[in-house]
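One structure below.
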Amino acid sequence: MQINVDHSINSGQVFLWEKFGTKKWYGVNGADILLVDESNPKKVQSYQKSSCDLFREKDDFDKIIKTISKDKIIKKAIKEFPGLRLLRQDPFQCYISFIVSANSNIQNIRHTLQRLAKKFGDKVTFDKKEFYLFPEPKRLASATKAELLSCGLGYRAPFVKDAAIQVVDGWIDFDHLKKADYHAAKESLIQVYGIGNKVADCILLFSLEKLEAFPLDRWIIRSLQQYYPQRFSFEGKTITDKKYRLLHEQIVQHFGPYAGYCQQFLFKMIREANQKNWL
DNA sequence: TACTAACCTGTACG
DNA sequence: ACGTACAGGTTAG
């Protein structure tokens, strides 16, 4: 089954990627830089010469697509954006990125993360280009408030520092969370100052192997209201803890254990329909 | 438990 | 120009 690099990178999962020319994407992934050439996406090159399975090629994509094709809407989304994949990200980078993403927009998130990487990450040269690796936990944990504010974090500055400290101190252990089940892992993440339901689900889906995670953000809510007014209806404007849980249960019941893939297709579709910008 | 307002920052709109 | 709204939410009350 094919991989569509553009669709996958431009679907709100990652922020520190940049296209050079018409075919080459370079991206920061933790302590690594990745290079994806659209003419051969299965050969991802890496600064660390590591094999990270960026496109989750070990997932049985055909089977997953079959499993999640439960209704007309999702079939349309899959047809409209073929080869859209979930990307497997570095957990710490993903964790910080989505804390930074709260109540912000893609351009802003990207800019802030770039400044964080430049200020706290190591500079490396790869394929004759310069990059800044994503900062290590200890660097962010020991950052001063003023340094973090200078990156444009605003009120999220203490969130980022505290979240990094949780990792350094071992209260958040990504290898452990990968092995835990969805609910247990989510419960741990929610404890972190600055992480709520939505951010936790992003981290779980994009970096901790929890494919039943289904981040419910503004756009997905909009898409559910627009496309599934009967099936996933809910009252009120705000989405409370309880409503979030209930809605997630209904979603997994409908789409099954790979619901996270559906979220990605629906998110891509609703944003494209509203002509929103990507990277 | 459920609901609201306030919140840094940057940009797009009138 | 300059105010206002809003953006992939979360927290505190």
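This one's a predicted model, so the numbers in the text were calculated from it and none came from an experiment. First the proteins, then the strands, lettered A, B, ... as listed; each starts at 1.
- In this structure, A:K276 places its NZ atom 12 Å from P of C:dC6, rounding to the nearest Å.
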Can you list the steps and then say if A:W278 with A:K268 is a side-chain contact (heavy atoms from CB on, under 4.5 Å)? CA-CA 10 Å; A:W278 303 103; A:K268 178 74 176 166; 3.6 Å; yes

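- When rounded to the nearest whole Å, the span between CG of A:L189 and P of C:dT11 equals 12 Å.
- Residues from residues 200-211 of chain A that place a heavy atom under 4.0 Å from any atom of DNA chain B: there are none.
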Pairs under 3.5 angstrom only: tabulate donor-acceptor contacts from the side chains of residues 131-141 of chain A to other protein residues two or more places apart or in another chain.
none

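- For the pair A:E38 and A:K24, the salt-bridge criterion is not met [side-chain N within less than 4.0 Å of a carboxylate O].
- Checked against A:R56 for a side-chain contact (heavy atoms from CB on, under 4.5 Å), the options A:I3, A:L87, A:L211, A:I64 give a single hit: A:L211.
- For the segment residues 93-121 of chain A, residues with any heavy atom less than 4.0 angstrom from an atom of DNA chain B are, sorted by number, A:N103, A:N108, A:R115.
- Ring centers of A:F20 and A:Y26: under 6.0 Å apart, within the cut-off.
- When the shell of 6.0 Å around CD of A:Q2 is examined, it contains more than 12 heavy atoms from other residues, nucleotides or ligands.
- Here C:dT11 is the nucleotide among B:dA2, C:dT11, C:dT10 with the atom lying nearest to any side-chain atom of A:Y193.
- For the pair A:F267 and A:I190, nearest-nucleotide mapping onto DNA chain C gives the more 5' position to A:F267.
- With rounding to whole Å, A:N277 atom CG is found 9 Å from B:dA12 atom P.
- Summarising the geometry, the separation between CD on A:Q191 and C1' on C:dT10 is reported as 14 Å, rounded to the nearest angstrom.
- Taking the ring centroids of A:F232 and A:H248, they lie at or beyond the 6.0 Å cut-off.
- Atoms CG (A:L149) and P (B:dG10) sit 11 Å apart, rounded to a whole Å.
- With respect to A:K19 and A:D6, a salt bridge is recorded, a charged nitrogen being found less than 4.0 Å from a carboxylate O.
- Spacing of P atoms, C:dG13 relative to B:dC8, comes out at 14 Å, to the nearest Å.
- A donor-acceptor contact shorter than 3.5 Å links the side chain of A:Y244 to the backbone of A:L216.
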Secondary-structure notation, DNA chain C, from Watson-Crick and G-U pairs under 3.5 angstrom (| other strand): .||||||.|||||

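- When the side-chain nitrogen and oxygen atoms of A:R245 are compared with OP1 and OP2 of B:dT1, none of them lie within a distance under 4.0 Å.
- When atom types are taken as modelled, the side chain of A:E147 and the backbone of A:T144 share a donor-acceptor pair closer than 3.5 angstrom.
- Taking the ring-ring contact (aromatic ring centres under 6.0 Å, His included) definition, one finds that A:F15 meets it with A:F98, sequence neighbours left out.
- Using a 4.0 Å cut-off between a side-chain N of Lys or Arg and a carboxylate O of Asp or Glu, A:K43 and A:D37 do not qualify as a salt bridge.
- C:dT10 sits 24 Å from B:dT11 when the P atoms are compared, rounded to a whole Å.
- Taking atom CH2 of A:W278 as the reference point, atom C1' of C:dA7 lies 14 Å away to the nearest angstrom.
- Donor-acceptor pairing under 3.5 Å is lacking for the side chains of A:E130 and A:T125.
- Of all the residues in residues 155-173 of chain A, A:Y155, A:R156 reach under 4.0 Å from DNA chain B with at least one non-hydrogen atom.
- As rounded to whole Å, 11 Å separates atom P of C:dG9 from atom CH2 of A:W219.
- With respect to the salt-bridge test (charged N to carboxylate O, under 4.0 angstrom), the residues A:E249 and A:R245 do not qualify.
- Nucleic acid contact for A:D241: none, since no nucleic acid atom lies under 4.0 Å from a heavy atom of the residue.
- Between the side chains of A:Y228 and A:D71, at least one donor-acceptor pair of N or O atoms lies under 3.5 Å.
- Separation of the P atoms belonging to C:dG9 and B:dT1 is 24 Å when rounded to the nearest angstrom.
- Put simply, CD1 on A:I195 is 13 Å from C1' on C:dT11, counting in whole angstrom units.
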